[in-house]
Amino acid sequence: MLEGKFDEASLLKKVIDAMKDSVKLCNFNCTENGISVQAIDDSRVLLISLLIEAGSFEDYRCDRNIVLGLEMESLNKIIKNGNASDMLTLVAEDSPDALNLIFEDKRRDRIAEYSLKLMDIDQDFLKIEDMKFDAVVNMPSAEFAKICRDMKTLSESLQIIITKDSVKFNSEGDFGSGSVVIKSFTDLEKTEESVRITLEKPINLTFGAKYLNDIIKSTPLASQVTIKLCDKQPALFEYQLPSGYLRFYLAPKFED
Amino acid sequence: MSKQQTLGSFFSSA
């Protein structure tokens, strides 16, 4: 049996909000350590890897491994019915037909209970070996989101160029071009405002702006995003959860 | 002209 209680529904609300536009069907794998998901978008360009460790829950138990096949749009409809500050408990039997979601208001005696039918989802799984990266950028997630949104107004591609202590986001469109350069910066008082660049080799990679604009839907989850890049390899964008992560692997664009 | 790659070119199915 699975029983996982979040102190606040807001965490799962944000996670589902971040994923639902990229992937329609997901298997949520529940083990004693927590809940994990691997899902790939229909175009097979973007892979989502989610880990909500048991430590992200107020209470968590899962006696046997359970797979919950969930339709994200349906899950999102139910999740939206709960308030962000409600306690949320996920309950499923050992061989479940449904996932139960219980929202409890902390101040009033109000309990809302929903049941979501499960689906059999035949999903293929990609093996992601330990990847080596040439550059790692830690930066404020809100700033990264703004850059992705702004650059998408110009072109459907966004170029990321990293040299020594700066990252340049460059967009070349039909009617014009634009770029934003950010440099390493340490804010000792507000560490979440800092930009850290770790570079082994200079980077020049191009990504689909559409996918980046799906990834930045994770912005409410974490104040910082970590971007890991390697020449002609998928990039990794990571948002930390209180205990766990939401990662996106995005295939680049390049000439064959 | 750069082409959008897919993840299947980099990762194998498990």
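A, B, ... follow the sequence lines: proteins, then strands. Residue 1 opens every chain. Source: prediction; values computed, not measured.
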Check whether any side-chain heavy atom of [X] sits under 4.5 Å from a side-chain heavy atom of [Y], and report yes or no.
X	Y	value
Leu12(A)	Ile52(A)	yes
Leu246(A)	Phe237(A)	no
Leu11(A)	Leu221(A)	yes

Produce the donor-acceptor pair table for chain B versus chain A, cut-off under 3.5 Å.
from: Lys3(B); atom 1: N; to: Phe254(A); atom 2: O; distance (Å): 3.0
from: Lys3(B); atom 1: O; to: Phe254(A); atom 2: N; distance (Å): 3.0
from: Lys3(B); atom 1: NZ; to: Asp256(A); atom 2: OD2; distance (Å): 3.2
from: Gln4(B); atom 1: NE2; to: Ala251(A); atom 2: O; distance (Å): 2.9
from: Gln4(B); atom 1: NE2; to: Pro252(A); atom 2: O; distance (Å): 3.4
from: Gln5(B); atom 1: N; to: Pro252(A); atom 2: O; distance (Å): 3.1
from: Gln5(B); atom 1: NE2; to: Phe254(A); atom 2: O; distance (Å): 3.1
from: Gln5(B); atom 1: NE2; to: Asp256(A); atom 2: OD1; distance (Å): 3.1
from: Leu7(B); atom 1: N; to: Arg44(A); atom 2: O; distance (Å): 2.8
from: Ser12(B); atom 1: O; to: Lys127(A); atom 2: N; distance (Å): 2.8
from: Ala14(B); atom 1: N; to: Phe125(A); atom 2: O; distance (Å): 2.6

How are the rings of Phe254(A) and Phe10(B) set relative to one another: parallel (under 30°), tilted (30 to 60°) or perpendicular (over 60°)?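 The rings of Phe254(A) and Phe10(B) stand perpendicular, inter-plane angle above 60°.
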State which residues pass ring pair (Phe, Tyr, Trp, His ring centres under 6.0 Å) with Phe207(A); sequence neighbours excluded, sorted by chain then number.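 Checked Phe207(A) against ring pair (Phe, Tyr, Trp, His ring centres under 6.0 Å); zero matches.
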Nearest 0.5 Å please: distance from the CG atom of Leu158(A) over to the SG atom of Cys148(A).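 So the gap between those two atoms works out to 6.0 Å.
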